Amino acid sequence: MAIYVVLMGGPGAGKGTQAKKLQKQMGLPQISTGDLFRENFKNETKLGRQARPYVDSGELVPDEITLGMVGERLKRPDTEGGAIFDGFPRTIAQADALEALLAENGERVNVVPYIHVDKDLLLKRLAGRWTCPVCGRVYHDLFNPPQKPGVCDVDGAKLYQREDDTMDTQRRRIEVYFEQTAPLLDYYRGKGLLIQIDGEQSIEQVFEDLRKAIEEAR
Ligand code: AP5
Ligand code: MG
Ligand code: ZN
């Protein structure tokens, strides 16, 4: 049976960190709209040019652009057994659209783990983050350093800091999250799908809790 997981949580809560681990262990593809936008920047696509000003300033990219991109991604056959959505949906309109997209194939969102992390800690997480340009894995100066400083453990690529990780943009992303995305928590709670997870635990413990929540939803 296919299983579609929506990972919720503020910027820096650990969505990408956990989605990568879940992808590896459960064989479900990670669909990160943030990563997809960054891929489009790298490839200098039209969609990338349209989305860039929003991402750089920490605002949400308009639903129309985001939904077109996700619709295309879901046409790829690797999503037939399910997927882990990371950073999507971020508005009620996006959540409704996702429901309609999945319903076309008789599927639905099965579980929505909410990785809860306090606001102050979110900022600390973002401030020390380093990202791999090749595999997208994320590290942290203090909380999750790579074995060799500045280099990805898996593929040896040189790590970089995201362009939207300036202090002003980080703050704006957190504000936007509370204003525009947090209302989705009630939306999914109302559907009986939301499971809150303590995101301030170790990466391994958060993963353990997530795995259990997803297994129980299967
Ligand atoms: P996106 O790329 O999704 O960024 P975000 O939501 O701001 O979230 P982050 O990726 O910053 O955080 P994360 O939760 O993945 O944390 P991570 O695992 O890296 O979106 C970027 C932009 O794209 C948006 O601002 C918007 O413009 C646009 N966009 C994207 N989706 C959109 C949509 N659907 N609609 C409209 N616009 C959209 O972890 C953070 C750090 O903490 C790392 O350094 C990590 O090593 C560390 N860490 C993680 N877990 C732990 C732990 N348990 N203990 C200690 N350290 C930890
Ligand atoms: Mg992320
Ligand atoms: Zn890598």
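Just follow the structure's listing: the first ligand is 1, and inside any ligand the first atom is 1. Bear in mind the structure is a predicted one, so any value in this text is a computation, not a measurement.
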Peer 1: Decide, yes or no, whether a salt bridge links D165 with R173 under the criterion of side-chain N to carboxylate O below 4.0 Å.
Peer 2: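 Salt bridge present between D165 and R173.
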Peer 1: How wide is the angle at the Zn ion (ligand 3) between SG of C135 and SG of C152, to the nearest 10°?
Peer 2: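 The SG/SG angle about the Zn ion (ligand 3) sits at 110°.
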Peer 1: Decide, yes or no, whether a salt bridge links K75 with E72 under the criterion of side-chain N to carboxylate O below 4.0 Å.
Peer 2: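 Yes, K75 and E72 are salt-bridged.
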Peer 1: Residue by residue, ordered by chain and number, which ones reach under 4.0 Å of ligand 1 with a heavy atom?
Peer 2: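 Lining ligand 1: G10, P11, G12, A13, G14, K15, G16, T17, T33, G34, F37, R38, Y54, V55, E59, L60, V61, T66, G87, F88, R90, Q94, R125, L126, R129, V138, Y139, H140, F143, N144, R162, D164, R173, G199, Q201, S202, I203.
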Peer 1: Mind checking who shares a hydrophobic cluster with M167, ILVMFWY linked at side-chain heavy-atom distances under 4.5 Å?
Peer 2: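 For M167, no cluster forms, as it stays isolated from other hydrophobic side chains.
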Peer 1: May I ask you to check whether D155 brings an N, O or S atom to under 2.8 Å from the Zn ion (ligand 3)?
Peer 2: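 Short answer: yes, at least one N, O or S atom is under the cut-off.
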Peer 1: Using the test side chain to side chain contact (heavy atoms under 4.5 Å, CB included), find all partners of K20 that sit at least two apart in sequence or belong to another chain.
Peer 2: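 By the side chain to side chain contact (heavy atoms under 4.5 Å, CB included) rule, K20 matches Q30, D35, R137.
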Peer 1: Give a yes or no on whether a salt bridge exists between E99 and R108, defined as a side-chain N under 4.0 angstrom from a carboxylate O.
Peer 2: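 Not counted as a salt bridge, because no side-chain N and carboxylate O are separated by less than 4.0 Å.
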Peer 1: With sequence neighbours left out, write down each residue that passes side chain to side chain contact (heavy atoms under 4.5 Å, CB included) with L28, or none if nothing qualifies.
Peer 2: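 For L28, the residues satisfying side chain to side chain contact (heavy atoms under 4.5 Å, CB included) (neighbours in sequence not counted) are I3, M26, I84.
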Peer 1: Within this structure, what is the OH-SG distance for the pair Y160 and C132, rounded to the nearest 0.5 Å?
Peer 2: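 These two atoms lie 8.5 Å from each other.
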